Amino acid sequence: MAKSYSVTGRLVLALAVPLLVFFAATVIVLDDDYRRLADDSMRARLEEQLEVLISAVRLEADGRVNLSVGEPDVRGVVASPSRFASIRDAQGIPLWQSRSLVRAGFDLGPVPAEGPGRFSYRLQRNGERLAVYSRGRLLENAPGPAVLLAFSVAEDTAAQRQQRQRFREALIGGFGGLALLLLTALAWGLRRGLEPLRRLEREIAQLEGGARTALSGPWPRELAGVAENLNTLLESERSRIARYRDSLGNLAHGLKTPLAVMRAALASGRESVAAVNEQIDRMTKIIDHQLQRAAGGGAAALGQVPVAVAPLAAELRAALLRVHGAKDLLVELEIEPGSGFAGDGGDLTELLGNLLDNACKWSRSRVRLRAGIEASAPPALRLHLSVEDDGPGIAPADRERVLGRGVRADEGQPGHGLGLAMVRETVALYGGQLEIDRSELGGARLTLRLPGRAIGAT
Amino acid sequence: MPVRILVVEDEPALRDALRQELTASGHAVDVAADGKEGLFAALEYPIDVAVIDLGLPALSGLELIQKLRAAGRTFGVLILTARDRWQDKVEGLSAGADDYLAKPFHLPELQARLAVLLRRSAGWASAVLDCGPVRLDTHAQSVSVAGAAVELTSFEYRLLEHLMLHAGEVVSKTDLTERLYAQDFERDSNVIEVLVARLRRKLDPLEQLQPIETLRGRGYRFALARGGA
């Protein structure tokens, strides 16, 4: 299984990596621009000084070079200790050198040909890096032919390099600080933004530890659904456990009375077979009821696929026709297409099985099941089911009693009462409704409203 | 010739009680303690009716019934179930059982149910019977004519099922009466005539099909031959 990194880790990584790449690229581009700018300005300065030098030179008739060092422009070029200049002939023999060059003995590179100037950096033996601008130039010599002279001007780059270093430091320092600031802000923002997730984690830990029974609220929109579903699940789990415990208790207590009766009957020795049989029936009834109650799924709405009513009703119809084979019955199913029950299929089978079984028992010849979805009803009451028969019906005065309100199913009357009390309990578990009235067929009509969902076009 | 009954039950006390009771009633009884044994016995011997517990080791009762029906065995099957839930009853019946009895049960009740099953003849040869435009689904117990559903009462249905299973044969009124009623009460023979008249009206309102023939003094015959329309 792939390792799953924490959400905070993912977000920090997703934001910090592009941020750092962006800052690094900016620093590199700016640094490179600065270098080009410094080169250009150095070249322009040296070019200008070379022109000054050229314009101040005159070639004597004997071939010697005469430089008007006295002129202020020329002095500016040749007097600075960090600036070097030379004039060489075509063979590279120096005809004139600035004092600084004589002192330092630097190599200003090969003699250039006639034409435009060339700019380059030259590393000297002492480690110094010189910026050199050289140009070959033909000077008119009145008596003889024109002479090629090589003019070179150079400047040491220590100051330039220092400046660049300072710029680079400022750049990295500034952007680094900015990146740090942004990352801090990002981390803080993420912390704030993800706080609900951490709270959820804490509360779930408390749920596990038993310090809490449900998740608190309110939650942000993205988490509200999860929290709500988790609470629903917890609630249904809790009521399920309560139901199991309840059933087990009722079962144990309920079975003790018949056992006592049986023991007494055996001791008396008279008509014990009939008495024991009667008690066995009673115990069976108690066990059936408690099992059914405990098995009820209840309203666990999480991840539940709606159960289609039609196929389930068709199977029940076939089963009931076999079971009630001694009676000539017409069992009609009128089920709107797409009718779905948002709950456990087993619960629906028990509900409909009990209702239809009762109807078949009480009817003379007709039983009708109708089902449909009422979209305007609240979700918990959306599925409408009605079971009708043409039997004697249930008098209005008896309806409450038949529904067995306040009577436990295993204590109820046989016949209508027993199955219906189970139906009532299951319907209550789902938060549904159960009503009794008169059917147009002549007998009773039991109407259920249960959690429903329309099942997409089939 | 005595009726041969197969009992498949894993609980020894109950199995022995059933064998004694049924043998005392004059039946020949084969017993099996699990699903595999039961399947072997059911396929080997000429069984007339079987009592099968749903919760069996080796092969569950449901699987056993499905295998029996798949192998073409059409004798009646009564299932015994400890779980009295509609879900279990429906599953058992749609797997191919004919009736069910929830534990604990009274032995006379079991005898009565077996008598009814023995009276019923072959019913599981095919899930769907087609005779001309009339289609009868024995699983869903539903009937349609030329694709349109026909609402039948349970007696009308059973009458039609019996006639269609014996399509082309003459079926006596006595046969039909026995098919409808579990007990051998003296029934008014009018009932069958009324039911047949109702069936004719529902299946053939325009009187073009004439699916059921009356043979005076002998009985009835389903006139449409087996096979699709």
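Please read these numbers as outputs of a predicted model, since none were measured by experiment. A note on names: the letters A, B, ... follow the listed sequences, proteins ahead of strands, and every chain is numbered from 1.
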For Glu11(B), which residues count as a salt bridge (Lys or Arg N to Asp or Glu O under 4.0 Å) partner, sequence neighbours excluded?
-> none
Side chain / backbone / both / neither for Tyr157(B) at chain A, heavy atoms under 4.5 Å | neither
With sequence neighbours excluded, what pairs up with Ala308(A) under the side-chain contact (heavy atoms from CB on, under 4.5 Å) test?
-> Pro311(A), Ile455(A)
Taking C-beta and beyond as the side chain, do Asp328(A) and Leu195(B) meet within less than 4.5 Å on heavy atoms?
-> yes
Select, from Leu329(A), Thr349(A), Asn277(A), the one with the greatest count of heavy-atom pairs under 4.5 Å involving chain B.
-> Leu329(A)
Partner residues of Glu21(B) under the side-chain contact (heavy atoms from CB on, under 4.5 Å) criterion, sequence neighbours left out = Leu107(B), Gln111(B)
In short, Arg317(A) meets Gln141(B) closest at the heavy-atom pair NH1-O, 3.0 Å
May I ask you to check whether over 12 heavy atoms, not counting those of Lys67(B), lie within 6.0 Å of atom NZ?
-> no
Most chain A-contacting option - heavy-atom pairs closer than 4.5 Å, from Arg113(B), Lys103(B), Glu156(B), Gln87(B) | Gln87(B)
Salt bridge between Lys89(B) and Asp357(A), side-chain N to carboxylate O under 4.0 Å?
-> no
Those residues of residues 147-154 of chain B that come under 4.5 Å of chain A on a heavy-atom basis, listed by number, are Glu151(B), Leu152(B), Thr153(B), Ser154(B)
Phe105(B) side, atom CZ; Asp281(A) side, atom CG - distance, nearest 0.5 Å | 13.0 Å
Could you point out which residue of Leu352(A), Leu351(A), Leu320(A), Leu356(A) forms a side-chain contact (heavy atoms from CB on, under 4.5 Å) with Trp86(B)?
-> Leu320(A)
